[in-house]
Amino acid sequence: MTIDIRKVTVLGTGVLGSQIAFQTAFSGFDVTAYDINDDALKAASERFEKLAAIYKGEVNGAGGGKAEKTASAITLTSDLAQAVRDADLVIEAVPEVLSIKQDTYTKLGEHAPERTIFATNSSSLLPSAMVEFTGRPDRFLALHFANQVWKFNTAEVMGTPATDPKVYKAVVDFATDIGMVPIELHKEKAGYVLNSLLIPLLNAAMDLGANGYADPETVDKTWRIATGAPAGPFQILDIVGLTTPYNMLVNGDENGKHLAKWLQDNYISKGKLGIASGEGFYKYGK
Ligand code: NAD
């Protein structure tokens, strides 16, 4: 029997949840978005309006009222039971805190129909850390999006040993149906594919800069010319924003702490946080 995904519920309407809900609705699916209270739902409506404006400017086919219609077509609720009672797929994008995720899956398992597939968008937690709380190990896996889903459209799909291959396949097909490029992992890996590649590259670049081997501009120029990549690691760091690597490094080993201090002393404390603040390793015009 093939698995049909038409009704999708997104849990958590923050940075990523709002984007996932919007992209899914924009692609013609029936979408419900859940968050914890009225304030969070109000913030969600505002995020959807902002996304509608962005889509109109940046995404093909978003004109003629489609972007606005997408925003208003998403059902918002703070009632979890109602949010998931008829869902084919639930995509969880609640805060990156294990206890919140586990609690969410415990409640979800009680309210969702047996057929419902659960997918976590967690960036740093493995699905096997949550699977025992879902009550449906065969219908649970990770579906990991990148920030700005309409533009950076990878969707990494990663199951646990217990994930049913038919469920995995259905989620890969769903990712394609909402305009993503599915990235299939055969087994669990912290950092998936992208961050397994990117984080060591960014750390190596910061090591060269912080220890005085070469300037950020030189590091980037080397990477661009010698590999043909459009951007170097410091340009990527400016896009990501410097506080994310800082937070990861400051809790790491001695070398990590050293890199974090370099970021803090030379950039973050001077308000140079990356593109979002107008300056990071490079200056950006308004
Ligand atoms: P966020 O803080 O922007 O949003 C979290 C949302 O969850 C908020 O709207 C909050 O009100 C809501 N929430 C809080 N407690 C909840 C609960 N008990 N049940 C349901 N909702 C609850 O976070 P985010 O950046 O959107 O991250 C969410 C998930 O997506 C995390 O697992 C993160 O690792 C992952 N992710 C984030 C990014 C990113 O760039 N921000 C990229 C890929 C994946």
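All figures in this text were calculated on a predicted structure; none of them were measured in a lab. Every number for a ligand or one of its atoms is a count from 1 in the order of the listing.
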As a check for students: among Ser123, Ala40, Pro95, identify the option with a heavy atom nearest to atom 22 (C) of ligand 1.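 It is Pro95 that holds the nearest heavy atom.
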For atom 29 (C) of ligand 1, which candidate among Leu16, Val94, Val240, Asp35 holds the nearest heavy atom?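 Looking at heavy atoms only, the winner is Val94.
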Any chance the side chains of His144 and Ser123 put a donor and an acceptor closer than 3.5 Å?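 The answer is yes; a qualifying pair exists.
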Are side-chain N/O atoms of Asn121 and Glu92 paired as donor and acceptor at under 3.5 Å?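 There is no such pair between these side chains.
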Of Lys7, Arg6, Arg115, the residue whose pairing with Asp88 passes salt bridge (Lys or Arg N to Asp or Glu O under 4.0 Å):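 Running salt bridge (Lys or Arg N to Asp or Glu O under 4.0 Å) over Lys7, Arg6, Arg115 with Asp88 returns exactly one hit, Arg115.
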Is any heavy atom of the protein nearer than 4.0 Å to atom 2 (O) of ligand 1?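 Neighbour list for atom 2 (O) of ligand 1 is empty of protein heavy atoms (cut-off 4.0 Å).
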Within-cutoff protein neighbour (heavy atom, under 4.0 Å) for atom 36 (N) of ligand 1: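 True for atom 36 (N) of ligand 1.
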Intermediate values then yes/no, side chain to side chain contact (heavy atoms under 4.5 Å, CB included), Trp262 and Asn266: CA-CA 6 Å; Trp262 177 71; Asn266 294 282; 3.1 Å; yes
To the nearest 0.1 Å, how far is [atom] from its closest protein heavy atom, and which atom is that?
atom                    : answer
atom 28 (C) of ligand 1 : Ala93 O, 3.3 Å
atom 25 (O) of ligand 1 : Val15 CB, 3.8 Å
atom 4 (O) of ligand 1  : Gly14 CA, 3.2 Å
atom 16 (C) of ligand 1 : Ile36 CG2, 3.6 Å
atom 40 (O) of ligand 1 : Asn147 CB, 3.5 Å

Could you tell me, atom by atom, which parts of ligand 1 come under 4.0 Å of a heavy atom of [X]?
X      : result
Glu96  : 31 (C), 32 (O), 33 (C), 34 (O)
His144 : 43 (C), 44 (C)
Asn121 : 30 (O), 35 (C), 36 (N), 44 (C)
Ile100 : 18 (N)
Lys101 : 31 (C), 32 (O)

Ring centre gap for Phe145 and Phe152 strictly below 6.0 Å: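 For Phe145 and Phe152, the ring centres are not under 6.0 Å apart.
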Between Phe281 and Phe234, does the ring centroid distance fall short of 6.0 Å?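 Yes, close enough.
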Arg47 N/O to ligand 1 N/O under 3.5 Å: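 By distance alone, the answer is no.
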Any N or O of Leu11 that comes nearer than 3.5 Å to an N or O of ligand 1?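 For ligand 1, there is no N or O atom that lies under 3.5 Å from one belonging to Leu11.
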Are Asp173 and Lys169 within salt-bridge range, i.e. N to O under 4.0 Å?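 Counted as a salt bridge, because a side-chain N and a carboxylate O are separated by less than 4.0 Å.
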Does the pair Lys42/Glu46 count as a salt bridge with the N-to-O cut at 4.0 Å?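 Looking at Lys42 and Glu46, the cut-off is met.
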Measuring from the heavy atoms of Thr13, does anything fall under 4.0 Å of ligand 1?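 Within the 4.0 Å threshold, so yes.
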Step-by-step side chain to side chain contact (heavy atoms under 4.5 Å, CB included) determination, Met158 to Thr163: CA-CA 9 Å; Met158 187 169 83; Thr163 308; over 6 Å; no
Heavy-atom distances under 4.0 Å decide this one: backbone, side chain, both or neither, for Phe145 against ligand 1?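 Only the backbone of Phe145 comes within reach of ligand 1.
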Quick one: which residue pairs count as a ring pair (Phe, Tyr, Trp, His ring centres under 6.0 Å) with a foot in residues 28-84, not counting sequence neighbours?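 Matches after skipping sequence neighbours: Phe22-Tyr55, Phe26-Tyr55, Phe29-Phe174, Tyr55-Trp150.
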Side chain to side chain contact (heavy atoms under 4.5 Å, CB included) assessment of Glu156 paired with Leu143: CA-CA 6 Å; Glu156 299 184 278; Leu143 175 62; over 6 Å; no
